[in-house]
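Scroll down for the structure; my scribbles are underneath it.
Treat the numbers as computed from the prediction; the structure is a model and nothing was measured. Each chain gets a letter, A, B and so on, in the order its sequence line appears, and its residues count up from 1. When reading the values below, keep in mind they use all heavy atoms of this one structure, side chains included, and skip hydrogens, waters and symmetry mates.
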Amino acid sequence: MSLKLHNTLTGQKEPFVPRTPGAVGMYVCGVTVYDLCHVGHARSAVVFDVIRRAFEHRGYRVTFVKNFTDVDDKIIRRAQEEGVPARELAERYVAGYRQDMVALGVRAADVEPKATEHIPQMVALVQGLIERGFAYAVDGDVYFEVRKFPRYGRLSGKRPDELRLGARVEVDERKRDPLDFALWKRAKPGEPAWESPWGPGRPGWHIECSAMSMHYLGASFDIHGGGEDLVFPHHENEIAQSEASTGQEFVRYWIHNGFVNLGAEKMSKSLGNVLLVRELVKRHDPEALRLYLLQTHYRHPLEYAESRVGETGRALERVRILFEEAARAPGRPGRAGTGERFGEEIAAGRRRFEAAMDDDVNTPQALGALFELVRVLHAYRAEAGPADPAFQAGVAELGRLGGVLGLFGGTGRGAEPPPELRERIEALVRARGEARARKAWAEADRLRGELARLGVIVEDTREGTTWRWRG
RNA sequence: GGCGGCGUAGCCAAGUGGUUAAGGCGGAGGUCUGCAAAACCUCUACUCAGCGGUUCGAAUCCGCUCGCCGCCUCCA
């Protein structure tokens, strides 16, 4: 059994065969840093973070590269509007992106290259394309000549002739064909610019990904990913540039994630209906948001529903209680485990989980397996007690598998009350315990209500009274 | 106009030729509890937008119809 992935190039699920046994080279288009990122960016980031983890779980050595586009028209315009240097604006949103990724549990890539730090590589690529006859310079601009690359359109299934018919492409008299796209743009006064054989200018959007991906992963590598909107023209153009330049197959597997939609509409900055990650993680538990995003298969469109994120939080709660129980068990002996059947159930859950992940990273199905494990573990704990070694091992296994999705990170993460409240809470819990011992139920219930107002849930179990902080 | 996707329970969402159609949320009943909470147990789609067809057999394949969405332009 090998890991299967849906390859946009073939439109099919294919067994993943790495170029180098045991290793994966993976490049994902990151963000253009001219604003804070929204839930759509979050989905893409989470999805590829999980794909990376899935490979690692299977024992692959992964080299993961995710770029920042830090020079582009929108950045320049924004910077001018705000009256700050483009570089400063870009740095600000790089930092903003990283902060949001930490909140979402998205690990940093192994390499996070910025376009502005790889200008020489881009110039060299463009120069090579001119020498090979695939590109031409006009008045300080350089264009890729699409007609010279016969395989153009293979990724997106679009034929140059059909595109021409529908042409809503901006007409530029200096281009030999409307489909030709910019590799290098001449700088207008006041714009960021770098020296080049064609005069001062900056790279086109597509060339940066070709240059950086090949710089870090080689002329030919395993996986290139991004949002489905990048299939055309961005990735199509990357293939044309790269393969025209090297004569080699650029990428073996193209992976694209589906969009996040809002109501009837696609979310987009031009429509002004964006949901910023920065805002969402204030309203919701970030881990619940991550779990919510993974409950839909990565290639399917996701209709964002605010209320569902909260509901997902309740499912997460059920999992966290398990980890909390396991964590506080030491020192509280349970009865001897009834081991064997339970162990088999855990193993079966793991197999289901791994089979789902192997099948085109089917996270909804994998989560199904995990939640079944959650139920089994709760049931077993009720019987054997939280200190049972098999229970402890089962929870640990759940944690490992959850980790492949970047979930269930810590035991009761974020579930600690402010230190200054702790003493008061414990005093109230003790007082309530004493009241209960006297069978002073009204008094006990009053104290429970007071604790609830502080954000504390008290529970009386067979093993005594416990409490949980839920803010 | 071209290309692609979707329509599964109250809601979300897997499943894409053959065991009882995963899982989550919600709901109903029960066990436990002083009462709760949490947890567990049982139930909650004889049916997969509709209509035809292929097949021994289809939610799964084919055709048509209806509805929804994305890409073709910067966009995760």
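- Distances were taken from every side-chain heavy atom of A/R468 (C-beta onward) to each of B/A37, B/C25, B/A22; the shortest belongs to B/A37.
- Looking at heavy-atom distances under 4.0 Å, A/R432 makes contact with a base.
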Ring pair (Phe, Tyr, Trp, His ring centres under 6.0 Å) between A/Y27 and A/F64, worked out: CA-CA 6 Å; A/Y27 183 92; A/F64 184 51; 9.0 Å; no
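- Taking a pair as Watson-Crick or G-U with both hydrogen-bonding distances under 3.5 Å, the stems of three or more pairs touching RNA chain B are B:1-7 with B:66-72, B:10-12 with B:23-25, B:26-31 with B:39-44, B:49-53 with B:61-65.
- One atom, NE2 of A/H6, and another, C1' of B/G4, lie 10 Å apart when rounded to the nearest Å.
- You'll find that the side chain of A/N362 is closest to B/G15, out of B/G15, B/G34, B/A37.
- For the OP1/OP2 pair of B/G26 and a distance below 4.0 Å, the side-chain nitrogens and oxygens of A/R314 include at least one atom meeting the criterion.
- Across all strands, A/E317 comes closer than 4.0 Å to no nucleic acid atom at all (heavy-atom distances).
- The CG-C1' distance, from A/D360 to B/U16, rounds to 13 Å in whole Å.
- Counting any heavy atom pair closer than 4.0 Å across all strands shown, A/Q295 reaches sugar-phosphate atoms only and no base atom.
- Distances were taken from every side-chain heavy atom of A/R448 (C-beta onward) to each of B/A36, B/C40, B/A22; the shortest belongs to B/A36.
- The nearest heavy atom of RNA chain B to A/R308 and to A/L230 marks one nucleotide each, and the one closer to the 5' end goes with A/R308.
- B/U31 and B/C25 have their C1' atoms separated by 23 Å, given to the nearest Å.
- For the pair A/R318 and B/G24, the criterion of a side-chain N or O lying under 4.0 Å from OP1 or OP2 is met.
- The interatomic distance linking A/N261 (CG) with B/C12 (C1') rounds to 15 Å, in whole Å.
- Taking atom CG on A/D445 and atom C1' on B/U33, their separation rounds to 12 Å, with Å as the unit.
- A donor-acceptor contact shorter than 3.5 Å is absent between the side chain of A/R43 and the backbone of A/R290.
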With ring pair (Phe, Tyr, Trp, His ring centres under 6.0 Å) as the criterion, how do A/H256 and A/H235 come out once you've worked through the C-alpha distance, each side chain's angles and the decisive distance to 0.1 Å? CA-CA 10 Å; A/H256 294 96; A/H235 289 161; 5.0 Å; yes
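- Distance A/F259 CZ to B/C69 P: 15 Å, rounded to the nearest Å.
- Looking at A/N261 and A/E303, their side chains never bring a donor and an acceptor atom within 3.5 Å of each other.
- The backbone N or O of A/G464 sits less than 3.5 Å from a side-chain atom of A/T461, completing a donor-acceptor pair.
- Rounded to whole angstrom, the span from the CZ atom of A/R159 across to the P atom of B/G1 amounts to 18 Å.
- Straight-line distance between the C1' atoms of B/U19 and B/G26: roughly 29 Å, to the nearest whole Å.
- Comparing B/A39 with B/C69, their P atoms sit 38 Å apart, to the nearest whole Å.
- A salt bridge is defined here as a Lys NZ or Arg NE, NH1 or NH2 lying under 4.0 Å from an Asp or Glu carboxylate O, and A/E344 with A/R351 meets this definition.
- Separation of the P atoms belonging to B/C43 and B/C35 is 26 Å when rounded to the nearest angstrom.
- Residue-level contact check: A/H234 touches neither bases nor backbone, having no heavy atom under 4.0 Å from any strand.
- Distances were taken from every side-chain heavy atom of A/V260 (C-beta onward) to each of B/C72, B/G5, B/A76; the shortest belongs to B/A76.
- Protein atom CG of A/N237 is 11 Å distant from nucleotide atom P of B/U73, rounded to whole Å.
- A perpendicular orientation is assigned to the rings of A/H57 and A/F353, their planes being inclined by more than 60° (bins at 30° and 60°).
- Residue A/W441 and nucleotide B/G34 are classified as a stacked aromatic pair, their ring centres being separated by less than 5.5 Å at an interplanar angle below 30°.
- Rounded to a whole angstrom, the distance from the C1' atom of B/A9 to that of B/G27 is 12 Å.
- For the pair A/E325 (side chain) and A/P386 (backbone), a donor-acceptor distance under 3.5 Å is absent.
- For A/E372, the side-chain atoms get nearest to B/G23 when compared with the rest of B/A76, B/G23, B/C71.
- Stacking of A/K66 on the aromatic ring of A/F48 is not recorded, the 6.0 Å distance cut-off and the 45° axial limit not both being met.
- Each of A/G157 and A/G368 was matched to the nucleotide of RNA chain B holding its nearest heavy atom; the match closer to the 5' end belongs to A/G157.
- What separates CD of A/Q365 from P of B/U16 is a distance of 8 Å, to the nearest Å.
- At the heavy-atom level, A/K158 lies under 4.0 Å from base atoms of the strands shown.
- A/V28 comes within contact range of no nucleotide atom at all, as no heavy-atom separation falls under 4.0 Å.
- Of the possible donor and acceptor atoms, one in the side chain of A/N7 sits under 3.5 Å from a partner among the backbone N and O of A/W254.
- Among the atoms of the strands shown, none is found under 4.0 Å from any heavy atom of A/H256.
- Among the heavy atoms of the strands lying under 4.0 Å from A/R375 are primed sugar atoms or P, OP1, OP2 only; no base atom is included.
- Side-chain atoms of A/D229 and base atoms of B/C72 include no donor and acceptor less than 3.5 Å apart.
- Comparing the C1' positions of B/A28 and B/U65 gives an interatomic distance of 39 Å, to the nearest angstrom.
- As judged by a 4.0 angstrom heavy-atom cut-off over every strand, A/G30 is placed among residues touching the sugar-phosphate backbone only.
- For the P atom pair drawn from B/C11 and B/C48, the interatomic distance equals 16 Å after rounding to whole Å.
- Comparing the P positions of B/A21 and B/A59 gives an interatomic distance of 10 Å, to the nearest angstrom.
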